Each structure stands twice: as C-alpha cells, then as structure tokens.
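Here's the structure, in structure tokens; my notes come after.
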There are 2 protein chains.
Amino acid sequence: MDRRQQKTRKAIFSALSNLLEQKRFECITVQEIIDEADIGRSTFYAHFETKDDLLKEMCTDIFHHIFAERLPQEADSDHMEGSANLELKLGHILYHLKENKCNLKGILEGESGELFLYFLKGYLCDLFIRYKDDFPCDIPEDFLLHHLAASFSEAVKWWMREDTRHSPEEVAAYYMAMIRTQNRK
Amino acid sequence: MDRRQQKTRKAIFSALSNLLEQKRFECITVQEIIDEADIGRSTFYAHFETKDDLLKEMCTDIFHHIFAERLPQEADSDHMEGSANLELKLGHILYHLKENKCNLKGILEGESGELFLYFLKGYLCDLFIRYKDDFPCDIPEDFLLHHLAASFSEAVKWWMREDTRHSPEEVAAYYMAMIRTQNRK
DNA sequence: AAATTACAGAACATAGTGTTCTTTATCATA
DNA sequence: TATGATAAAGAACACTATGTTCTGTAATTT
C-alpha cells in the first residue's frame, strides 16, 4: 500500500475521531470530515464509498485491533473457573476500550454498536457457552447469549456516558454480580 | 382540535407505520410518507417540524398509550412479592407491545429506543427499586437500574427480531430468570 | 351566511451527496 | 536519476432530499 494512501486513510480516521468528540456521527457531514482531514473531495470518495462505509471500516479496525490482536496476547486463564475467567477477560476488553474512548464515544449507540456486539459475541461465545451451565436450562440458548452480550454492551455504554469514572475491573465486577444467577444447577 | 387535523395526523402516523414494515426509519423519505399518506407537502410540515419530530411524537403516543393508559388499568398486584409483581407487569408490557408490533418493528433500534427506555424506567422505577434489595449493595444504584431496564429493552428487541414467536409470559419469565441473582442478602 | 382554518399544489432556495474531469505532485523501480 | 504509474487537489456537475412560501380551494366552526 502506497505511503500516500496510508497517510490519507489515517488522516480521515483521525478527522472522524476528532469530530466524534464534538458531535454524534449522524450530525457530521462528509464536507466536515474532508475539511478536518484537509484532503480533496475526490480523495475521500476514492477511499470510501460513503460516510457509513467509513464508520464501518474504522470500527472494524478498532474492534479487530482489540479482539484479534491485543486480547489474545494476554495471559491465558483457561485454568480458572468459568466465571472468574469471564470476569478477567471482560476487564481486559474494558481496559482496551478505555484506550479508544475518544473514538468510541458516540459510536456505540448507532449502527456500529451492532458491530461491537458482533465482535463481542464472536470473541466471548465459547466463554459464554461454558458459563451457560450456571443458568437454568429452560432458557433458550440464543436468548441467553444475546442477553449476556447485549447486557455487557449496555454496561459499556453506561460506563462511557459516566466518562469512565469507574475502573475497568469495577465495571466487570458489577456486571458479573448482575449476571451471577440464583438458579445454579 | 379540528377533525381535519386529526384525520391528517392519523393518516401520517398510519403511513409511517406501513412504511416501517418494509424498511428502517432512516431509509424512509418525507416524500414517501407524503405519498403514502396522500397529503400535500406543506400539510406535512404544518404538522411536524421534521421527520425525526414525527417519529418522536408517534412513539410518544404509542408508549404513552401503553404506559399511562393501558397498564395502570390492569389488576394491581402490590400484595405480591416484588419479583412476582415485576414479572407480571413486564408480561403486560410485552403483551401491549405485541399489539403494536407493526409499529415497533425497526423502531426500537434507533433513537426511539431511548424513548422506550425512558418510559420503561419511569414506569418501573419504583418496582425496580423495591426489587433492588435482592442485589448486592455494593453495586451503584444507577448501574443496577440501567442494567435492569436496558436488559429488558434488549429482551424486547430480541423478541421482536424473533417475530414474537414466544409468548409475552415466556419472555418475561426468561428475563426474570436472567436477573434473579445469586447474591440475596 | 361569514369568518376562520386546514389543505393541495407548485415553485423555490438550500444543503448534502457522489461523480467526473484535468492538472499537479509523489511514489516505486529500473 | 529518469520515467512510467499512481494518488491527490480542486473545480464543476447532476442529483436527491429538505424545508419554506405562496395562492387558490375546500371544510369547519360560530
């Protein structure tokens, strides 16, 4: 990939990032992104088909970076009990999300919230399924998985709105306390 | 209020309702609403400032109808235990939402999802707070309330996506099973 | 029956989107 | 370092959607 392309791509991502600190995605125009990135109009459309396309690619980059590159390198904790392992990994996710806070603020609400949920489910699916045995067996599995993932996603949104005043570990602990059910088999 | 106004307002709501069965809100244009409602352009803007304004008013109407008119008329169950009472009321909400399914499909995801959450929180706040004693006290109260309300909201979305194949009672029971925590005081 | 009010329809200004073109600058590489 | 290839700048453009304004007509209220 040409240096110029990389530079432009970075400039566009960075511009959107900056703008997202001021206003929500829907209220940002392509022109503003172009001005902020200091590039030509045709250049933008040479890189991305639409504004939505840009958001999707940027989010994919961020989430892929977190879920596929950062998290797997961290200490494996498969020896732990399912619950403790889950809490640890959720804490790690929150830690990495905090690093990208400027990017994520105002993103998680919209369409890319679904994208986050998708990555989250993919990454945690096996853990959630292992943890599933702690829940009553008459709950449909897809409901359980959706509930666990979506609840965590909502916890993240709450945390972002609170300006991440609590530590990642705290939030992970709150979440675990909430989903630690009474009906153990 | 003039009969003509009421008629037009109804026609616009109905038009949006119909269109929402085919596509998501963001993809619907004002022109399509106008054509579907068979009214003049100026008439639309005499009633609503913007398309978002229309959505907001329509959702407010629906949710107000459910939360302020229908639900309070139903059998009071204050004598029940907090948990059973909550499950019953959640079931009622789901029942009334099902009646408006055509309207709500594709709505709850967007901005009006927040509106739903607002009504939900308002209606259930005292119940949730009463139920709060079942949770560990070291969880921040606003986290707890947000988690309970948002989780329920997510359960509704799941249910809508599943084309409401499960009964309201079932979904309410699933939800209650998920939030029935282990850590009773 | 008269005054008021809502509606239809058309025309308009405005703003944002996405495309196309030419010229200029930068890159890879032989 | 000369050269062919490629990316970017910038302007012009067509197109779509939004929201406003106006006039004449029809319905409603009193």
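Residue numbering restarts at 1 for every chain, and letters A, B, ... go by the order of the sequence lines. Note that the coordinates shown come from a computational prediction; the quantities given were computed from them, not determined experimentally.
Considering CZ of Phe67(A) and CG of Leu124(A), their distance stands at 6.5 Å, rounded to 0.5 Å. How far CD1 of Ile33(A) is from CG of Leu54(A): 5.5 Å, rounded to the nearest 0.5 Å. How far CG of Leu97(A) is from CG of Leu120(A): 9.0 Å, rounded to the nearest 0.5 Å. Atoms CD and CD1, from Glu99(B) and Ile62(B) in turn, are 12.0 Å apart once rounded to the nearest 0.5 Å.
Relative to the axis of its first five pairs, the axis of the last five pairs of the helix from dA1(C)-dT30(D) to dA30(C)-dT1(D) sits at 40°, rounded to 10 degrees.
Regarding contacts with the backbone of dA6(C), every side-chain N or O of His47(B) stays at 4.0 angstrom or more from both OP1 and OP2.
Every residue meeting the ring pair (Phe, Tyr, Trp, His ring centres under 6.0 Å) condition with Phe63(B), not counting sequence neighbours, appears here in chain and number order: Phe116(B), Phe119(B). Residues meeting the ring pair (Phe, Tyr, Trp, His ring centres under 6.0 Å) test with Phe143(B), sequence neighbours left out: Trp158(A), Tyr174(A). Lys10(A) meets the side-chain hydrogen bond (donor to acceptor under 3.5 Å, both in side chains) test with no other residue; sequence neighbours excluded. Applying the side chain to side chain contact (heavy atoms under 4.5 Å, CB included) rule to Gln5(A) yields the partners Met1(A), Asp2(A), His47(A); only residues at least two apart in sequence or on another chain are considered. Among residues two or more places apart in sequence or in another chain, the side-chain hydrogen bond (donor to acceptor under 3.5 Å, both in side chains) test is passed with Arg165(A) by Glu162(A). Evaluation of the side chain to side chain contact (heavy atoms under 4.5 Å, CB included) rule for Lys157(B) yields Leu108(B), Glu109(B), Ser153(B), Glu154(B), Arg161(B) as partners, not counting sequence neighbours.
Residues in residues 20-31 of chain A take part in these side-chain hydrogen bond (donor to acceptor under 3.5 Å, both in side chains) pairs, two or more places apart or across chains: Lys23(A)-Glu32(A), Arg24(A)-Glu26(A), Thr29(A)-Glu32(A), Gln31(A)-Asp35(A), Gln31(A)-Arg41(A). The list of side-chain hydrogen bond (donor to acceptor under 3.5 Å, both in side chains) pairs with a residue in residues 48-61 of chain A, not counting sequence neighbours, reads Arg9(A)-Glu57(A).
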What does nucleotides 16-22 of chain C look like as a protein-contact string, B for base, S for sugar-phosphate only, - for none, at under 4.0 angstrom between heavy atoms?
SBBBB--
Sugar-phosphate atoms are those with a prime plus P, OP1 and OP2; base atoms are the rest. Using that split, label each nucleotide of nucleotides 25-30 of chain C B, S or - for protein heavy atoms under 4.0 Å, 5' to 3'.
BBSS--
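No side-chain donor-acceptor contact under 3.5 Å links Ser112(B) to the backbone of Leu115(B).
Taking the 5' to 3' direction, DNA chain D first and last meets chain A under 4.0 angstrom from a heavy atom at dT6(D) to dG10(D).
Among the heavy atoms of the strands, none lies under 4.0 Å from Asp52(A).
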